[in-house]
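Presented below is the structure to which this report refers.
On a predicted model such as this, the values are computed, not experimentally measured, just so you know. Ligands are counted one by one from 1 in listed order, and the atoms in each one are counted from 1 as well.
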Amino acid sequence: MSLLVQITDTHVLPPGELLYGKTNSAAHLASIVKQINVMEPQPDVVLITGDLVEKANEECYTHFLALIEPLKQPTYVIPGNHDSPELMAQFFAGMPYFPVDDATFQYAVEDLPFRILGLNSHCGHSQLPEFDDTRLAWLDEQLAQSDRPTLIAIHHPPMITGIAFVDMVGPEWFAGMAEILSRNPQVRLVVCGHSHMDMSGRIAQVPVYMAPSTSHQLIADRGIDIAPWYINRGAPPVLHHFLNGDFLSGSYYWPEGFEGRRIDEDSGLEWDTLKSYMRGRKKLADPPL
Ligand SMILES: [Fe+2]
C-alpha cells in the first residue's frame, strides 16, 4: 500500500497579492499543506501537477517554495502553462522537487512501490499543451526500461473533456502518447490538472484523473463554446491510493483544525458493536449510522 496526495494549479503570486483581485491562492495552499501534514496515516508522497505560480518569475517561485517547504513528505512538481520549465530547473536546482536532468524537463521517480513519470506539456507561446517528439521519445524509452506499475503526471488533460475551452487544441497533441500507452499496460493511471475542475476519463486503456485546483474552480457548460464561470473556492487534495497494483482515486477532505471525533466515540458504542449492527447481526435502539 502507498498513498500519493495530488494537488494542482496552486497559482501562487507574490506575498500579499490576490489572484484576479479576489482569490488568496497562497492562503488556500498554506491551508492544504497544513491538512496534508496532519493526515493519518501520513501520505508517502505529494505531487503538484503544474501551474505552481501565476507568473513565472523568481518572486512567485520563492513564495511557492516557502509555502510547500513545511510538507513532511517527499514532494515533486511538474510545469503547467503558467510555469517556465527552464526557470523551474534553475530555481529548484539542488533541491529534490524537480529532478530533471535533460532538455525535456521530465523525470522518473523510482523509490516508491510504483514509478512516477513526471511529464512536461508546457508550450512556450500559448496556454495550450505541447508534447513534441523529444518528449515522446523520452516517455517511450522510460516505459521500455521497466514494467513496474507506473503513474504518469502531466499538467494538461490528455483526453477530450467535452469542455470547449479545454478541447480547443484538438486531440492531435496526445495521439503519440496514446499510442505509447496502448502498448505499455504497466501504466495504471494518468493524473493531471489544468481545467480547475475534477473529471475522470481515459487515454488508450489508461484511466485519467483530472484534479480540481487548490486555488479556485471553473464551472463550464458542456457541448457549447462559452466562457467558464469562476468560483473563489479551493478544492481539497486528491488521494491516489495504490492498492493491489492499481490506484483508487478521489477527493480527500481533511479540514484544517478538525478535531476528529469518530462515530464510536460520539455514540459511546464500541466499533465492534457498530460493525455487528452494520452486518445486521445486532439491533440498536438509536443507531448512529
Ligand atoms: Fe491553472
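Outside the 6.0 Å centre-distance limit, the rings of H82 and H155 are not counted as a close aromatic pair. Residues F114 and F247 place their aromatic rings such that the two centres sit under 6.0 Å apart.
With salt bridges taken as basic N to acidic carboxylate O contacts below 4.0 Å, one links R148 and E110. Under 4.0 Å is where a charged nitrogen must lie from a carboxylate oxygen, and between R183 and D140 at least one such pair does.
Classified by interplanar angle (parallel below 30°, tilted 30° to 60°, perpendicular above 60°), the ring pair H216/Y20 is perpendicular.
Each protein N, O or S atom less than 2.8 Å from the Fe ion (ligand 1) was counted, giving 4.
In this structure the side chain of L117 reaches within 4.5 angstrom of the side chain of L139, judged on heavy atoms.
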